Amino acid sequence: MAKAKRTPQEQSIDPAAQQMLVRAEEIGVSTAFSRADDLAPCNIGSAGMCCKLCGMGPCRLTKDGQTGICGATIDTIQARNLIRAISAGAAAHSDHGRDMAFTLKAVANGEAEGYFIRDVAKLRTVAAHYAIPIEGRAPEEIANDLADLYLAQFGQQRGVVAPVVRAPEKRQQRWKEQGILPRGVDREVVEALHRTHIGDDQDPEHILQHGVRTALADGWGGSMIATDVADILFGTPAPILGQANLGVLKQDMVNVVVHGHEPTLSEMIVAASQTPEIIEYAKAAGAKGVNLAGICCTANEILMRQGVPAAGNFLQQELAILTGAVEAMVVDVQCIMQALVGLAENFHTLIITTSPKVKIKGATHIEFDEHKALTIAKEILKKAIDNYKNRGETHIPDVREDLIPGFSHEYINYMLGGSYRASFRPLNDAIISGRIRGVAAIVGCNNPRSSHDYLHTYVTQELLKQDVLVVQTGCGAIASAKLGLLLGEAGLDQVGPGLREVCEAVGIPPVLHMGSCVDNTRILTVLTQMVADGGLGDDIDQIPAVGLAPEWMSEKALAIGTYCVASGAYVIFGGASPVSGMPDRVSDSDIVLNYISSGWEKLYGGKLEFVADPDEMIRRALAHIDQKRAALGLAEYRPERFGRSGDARIHELEQLSLAEQRQALYGLTNR
Ligand code: NFS
């Protein structure tokens, strides 16, 4: 039975989104929000109790002790479904990484029009991890070797995926003992598909072990490669001023929204939009120029490097079109709703697909080729400009917020210690002293089954009050950005006293935007350095840290969650569990649930749990942080010890008379 229809205020907490949902209702078009209300999820499939891996089924296991036609038990079916999802997520991230490596190769050989190596320092640092000679060599020579090495990781048959050497030694040893060091990215994904074909691997724990191996090939493989190459070609992010929400669209300009994940085309569209040729072309069409904005992780890529505004996160892709002000939405890969094309038919918006891997019926396809990227980017922009004259009525919500993204691992390191003493030690010290209780990475998707942005921002705000430093990527980061949490001054009145002191001393917002979804690897390297810089144990699982994906929906999120668990993190997903089993059959389906939680914790020190209630998520996150603090012998978290220094203290003193200030500061009484 369909659920009751929610009001726009129940569907999203974002006022801009709410305005567009009202608009959708007025003109009678559907969105992911209304479709989620109309379409109840299948309770058998969503609980992981349906097997459709062969033509004898689908087998729906709804009774105790029931098996599939082949005899497969519920736990085997759940494990197979989960590892298939992890593998699809790992494949998506890693294929993105492969394309980035191909672009690096083309740039190194002078075959990629418009691209060049922007961050030679990062190129040298990355190459040095793999003992690629750097001294006395041109950046192109180093890049060529690195591209070859990175491309080889995908088809590698034996050995270990190269970026794994960047993990803490103890962690690598654990993976070795468990026999899950990833050999080659493609090999692990293929093997996952092989093992889950009818009649293969049927021991749930054994199946899930390979799920971990495949996820590691993503986190310490394909995704890390994607981040490295994006930084080398487009620059390692550093703080920059940006804006977020639908109000970044402009009435008097040609609005082009870039949506998807790979920065290769979007970066070139940014470059092309600034050429005199395109500016003149737009003016000739009666517009002031071209206004670029991003959606989803493409938004994060160009926001943190170029300051290009983000029109919104995953659930705002349709809402951008509903403004009537978007001349073209240019998409590449991942998180692109098929519904965009049908929705755009009600407006003048052109949906332009660009990836050889992604076509949508009814969309305009202009295929991207990195060898002539600038030419293609200009062609796309001219098509959008030509479409400006077809614009009808517009409804751009006057809602936008400033933010400071760009907190890459490298920048945080510099920020905490300067050029000559770059270090994470001040962060570690703040954790050790209890000023910062712990660290939470709050990442991942939006899901229309919950209220858009609510879980992300609620969990974030509650943890900030508890002196937990928050790092974010992906759609979660955009949710916080829209709320003003990514601005130092705006966010600080909402955080605990100790965290506030640290943020004021270092000059950072309490929520650090670390990039797109593939950039979750930045969190892995940050955690690794926190271990290396000392005081917090000798492996990632000892750090008082948690990962949360409150509004998860994609298979990529499951891959990320799994590689974080394997790296030692406690990971909490909100919403529905894909391995929950039926509520009245808990005992039967406990095997997989328990294994990915306590089972994985024994093996890796990290665990994966699905927790629907946000307050319970927060409770478990804090309990975990406190338990890790205790295990390290750190000071107990006592917030009352802090908050008497920094800006708060200055404001307090300002309220006093001079005499009272002398008394407060020096214990002097006026004589
Ligand atoms: Ni990641 Fe989810 Fe998509 Fe990015 Fe957003 S939905 S798993 S955050 S845009 S990939």
Side-chain angles (χ1 to χ4, degrees), residues 12 14 17 32-33 36 85-97 100 215 218-219 222-223 226-227 230 244 257-263 266 293-304 310-320 329-340 355 358 405 441-450 452-453 455-457 460 471-482 513-523 547-564 571-576 578 608:
S12 173
D14 173 356
F33 297 86
I86 292 168
S87 306
H93 283 147
S94 299
D95 212 29
H96 167 172
M100 296 301 299
D218 173 2
S223 278
T227 298
V257 174
V258 284
H259 167 25
H261 282 75
E262 295 176 347
S266 50
I295 292 269
C296 280
C297 282
T298 288
N300 288 314
E301 296 278 357
I302 52 176
L303 170 69
M304 65 183 170
N313 45 14
F314 174 69
L315 280 180
Q316 284 174 289
Q317 53 187 288
E318 292 173 290
L319 309 184
M329 185 174 275
V330 185
V331 304
D332 53 26
V333 295
Q334 300 167 23
C335 301
I336 302 151
M337 293 190 193
Q338 187 172 354
L340 291 176
S355 165
V358 176
I442 305 177
V443 306
C445 330
N446 293 137
N447 191 328
R449 298 261 171 233
S450 57
H452 170 225
D453 287 351
L455 291 173
H456 275 301
T457 51
T460 300
V471 299
Q472 291 205 288
T473 60
C475 291
I478 299 178
S480 288
K482 289 186 288 176
H513 184 317
M514 295 194 73
S516 65
C517 227
V518 291
D519 292 336
N520 283 314
T521 61
R522 296 190 200 275
I523 299 172
L548 298 115
E551 298 180 28
W552 83 276
M553 61 87 200
S554 79
E555 292 167 313
K556 287 180 293 177
L558 291 168
I560 295 164
T562 308
Y563 74 61
C564 287
V571 177
I572 305 173
F573 274 45
L608 178 60

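Note that the structure is predicted; figures quoted are calculated from it, not measured. Counting convention: from 1, in listed order, for ligands and their atoms alike.
- Applying the salt bridge (charged side-chain N to carboxylate O under 4.0 Å, His left out) test to Lys482 and every residue at least two apart in sequence or in another chain returns Asp14, Asp453.
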Q: Walk me through it: do His261 and Lys556 pass the test side-chain contact (heavy atoms from CB on, under 4.5 Å)?
A: CA-CA 12 Å; His261 282 75; Lys556 287 180 293 177; 3.2 Å; yes
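- For atom 3 (Fe) of ligand 1, the tally of protein N/O/S atoms lying closer than 2.8 Å stands at 1.
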Q | Verdict with reasoning, Tyr563 to Asn520, per side-chain contact (heavy atoms from CB on, under 4.5 Å) | A | CA-CA 10 Å; Tyr563 74 61; Asn520 283 314; 3.2 Å; yes
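- For ligand 1, the atoms closer than 4.0 angstrom to any heavy atom of Met553 are 6 (S).
- Residues Leu340 and His259 form a side-chain contact, since some pair of their non-hydrogen atoms from C-beta on lies under 4.5 Å apart.
- Here the side chains of His452 and Asn446 are in contact, with some heavy-atom distance below 4.5 Å.
- Between the side chains of Thr227 and Thr521, at least one donor N or O lies within less than 3.5 Å of an accepting N or O.
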